[in-house]
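Both counts, for ligands and for their atoms, begin at 1 and track the order of listing. Values reported hereafter were calculated over all heavy atoms of this structure, with side chains retained and with hydrogens, waters and symmetry mates removed.
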Amino acid sequence: MEIKKIFVVGAGFMGSGIAQVAIQSGFDVTINDQREAALEGAKVNIEKRLTRLVTKGKITEEDKAIAMSHLSTSSSVHSATDADLVIEAIFENLDAKRAVFEQLDKICGRNTIFASNTSSISLTSLAAATSRADRVVGMHFFSPVPAMRLVEVVYGLRTSQETIDTIMSIGDKMNKKMILAKDKPGFIVNRMLLPMLNEAVQILDEDIGSVEDTDEGMKLGCNHPMGPLELADMVGLDILLEVMETFYTDLGDTKYRPAHLLRKMVAAGYLGQKSGAGFYIYDKDRKKVGVNPVLDKH
Ligand SMILES: NC(=O)c1ccc[n+]([C@@H]2O[C@H](COP(=O)([O-])OP(=O)(O)OC[C@H]3O[C@@H](n4cnc5c(N)ncnc54)[C@H](O)[C@@H]3O)[C@@H](O)[C@H]2O)c1
């Protein structure tokens, strides 16, 4: 099936990145959000990022203009009527995502594929909210979307091979490397990564090492580009906690139990970069300025 028109639901951090990559790859994209401010913000941010690419000599002014001509915004889901592909990137909540799919199921054509950028929700249960379970698939982009090559393609129990093949070819057009994962908690990457970040918090909780030494350990000892605690701050400590809770409930093994210190940090409002403080303190440009002194008290 040929995909020309993409409807991206959710103009937040991920949705705007997905829209940018799609318009740069020649797809016509309508980005949708309930909030007008989010739509305006997404458009401004995409334009700014493309301008930066022009300044760096990576694309031309003409490339930028062509890409921007493929972008439109709409606060109405009814603009999805002629979409070939929907990519949902609203916040991580099963009921909210099911409601979006249920509504779009009535609006979109029978052949429209529904993809979700979910990091942790079962594609099989999202598909059950629609009458097109064979055309529901996970398209899990990584952040920041324009810079990260990987997309996990997640297939539910009823996802058809044709849907998987179509999504794989879209990934190729977007110059992404696609990997295939079954619909099991965390898929491939987060199933490995998030327990490691949680374990780094556990190391702090047990006073085995300091914040900086824990991060240096993985950077210099394992060649990771970022330490696990700074990465946890970037992901968001609330998101890390939520996913670990899901792993713990769904997989039932104590190795997935969220670190006690992680619960305390979230309860205290230290959510990482987005709140200005997590394991580190950040300035207004999200630049790290030092270790969070509150950790001396735990
Ligand atoms: N942030 C990451 O690093 C990351 C990485 C991979 C996957 N994801 C997944 O991507 C999704 C989006 O994450 P994000 O960080 O971009 O979130 P975000 O909070 O930046 O953006 C979510 C946007 O969705 C909008 N929205 C909420 N409900 C809506 C609805 N019913 N209809 C239309 N718009 C609606 C909100 O107004 C907001 O603008 C989540 O499922 C998340 O798990 C996030």
Side-chain angles (χ1 to χ4, degrees), residues 7-22 29-46 49 73-80 83 86-108 114-123 125-126 129 136-154 176 178-179 181 185-194 197 226 230-247 271-275 278 286:
F7 188 75
V8 177
V9 192
F13 181 55
M14 296 301 287
S16 68
I18 294 167
Q20 180 189 332
V21 169
V29 176
T30 299
I31 187 160
N32 161 265
D33 204 288
Q34 293 169 327
R35 295 181 303 122
E36 282 290 347
L39 289 175
E40 195 43 45
K43 203 167 171 191
V44 168
N45 284 335
I46 291 171
R49 290 196 293 258
T73 60
S74 170
S75 57
S76 165
V77 277
H78 291 278
S79 307
V86 165
I87 304 179
E88 170 280 310
I90 70 164
F91 44 61
E92 194 72 351
N93 177 289
L94 173 64
D95 290 340
K97 286 182 190 287
R98 281 178 65 105
V100 166
F101 274 9
E102 214 174 309
Q103 195 179 14
L104 286 172
D105 195 42
K106 296 183 189 109
I107 292 168
C108 297
F114 288 5
S116 172
N117 186 46
T118 180
S119 320
S120 62
I121 291 172
S122 161
L123 266 304
S125 57
L126 279 181
V136 177
V137 67
M139 215 176 168
H140 184 211
F141 289 84
F142 288 75
S143 87
V145 180
M148 300 297 274
R149 282 286 316 279
L150 189 72
V151 178
E152 274 179 313
V153 177
V154 185
K176 297 292 183 196
M178 315 292 266
I179 59 173
F187 317 134
I188 295 175
V189 177
N190 284 345
R191 179 72 173 267
M192 290 185 274
L193 179 66
L194 297 191
L197 304 188
M226 283 177 92
E230 52 182 346
L231 184 54
D233 275 355
M234 198 174 108
V235 169
L237 303 190
D238 51 339
I239 290 172
L240 174 59
L241 175 59
E242 216 173 274
V243 177
M244 290 311 297
E245 299 270 29
T246 308
F247 284 3
L271 306 183
Q273 282 188 9
K274 64 184 164 194
S275 70
R286 296 195 171 195

Give every pair made of an N or O atom of ligand 1 and a protein N or O atom lying under 3.5 Å apart, one pair per line with both atom names and the distance to 0.1 Å, or write 'none'.
residue, atom, partner, partner atom, Å
ligand 1, 3 (O), Ser143, OG, 3.3
ligand 1, 8 (N), Ser119, OG, 3.4
ligand 1, 10 (O), Asn117, ND2, 2.9
ligand 1, 16 (O), Phe13, N, 3.3
ligand 1, 16 (O), Met14, N, 2.7
ligand 1, 20 (O), Phe13, N, 3.0
ligand 1, 31 (N), Gln34, NE2, 3.2
ligand 1, 37 (O), Asp33, OD1, 2.7
ligand 1, 37 (O), Asp33, OD2, 3.4
ligand 1, 37 (O), Arg35, NE, 3.0
ligand 1, 39 (O), Asp33, OD2, 2.7
ligand 1, 39 (O), Arg35, NH2, 3.0
ligand 1, 41 (O), Ile90, O, 3.3
ligand 1, 41 (O), Glu92, OE1, 2.4
ligand 1, 41 (O), Lys97, NZ, 2.8
ligand 1, 43 (O), Glu92, OE1, 2.8
ligand 1, 43 (O), Ser119, OG, 2.8

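Listed by chain and residue number, Ile90, Phe91, Asn93 satisfy the side-chain contact (heavy atoms from CB on, under 4.5 Å) test with Ala96 (two or more places apart in sequence, or in another chain). Partners of Asp105 by side-chain contact (heavy atoms from CB on, under 4.5 Å), not counting sequence neighbours, listed by chain and number: Phe114, Thr130, Ser131, Arg132.
Under a cut-off of 6.0 angstrom, the local environment of CD in Gln103 is sparse, with at most 12 non-hydrogen atoms contributed by other residues, nucleotides or ligands.
Distance alone, capped at 3.5 Å, places no donor-acceptor pair between the Arg191 side chain and the Phe247 backbone.
Sorted by first and then second residue, the side-chain hydrogen bond (donor to acceptor under 3.5 Å, both in side chains) pairs involving residues 31-42 (not counting sequence neighbours) are Glu36-Ser75.
Between Asn45 and Arg49, some side-chain heavy-atom pair lies under the 4.5 Å cut-off.
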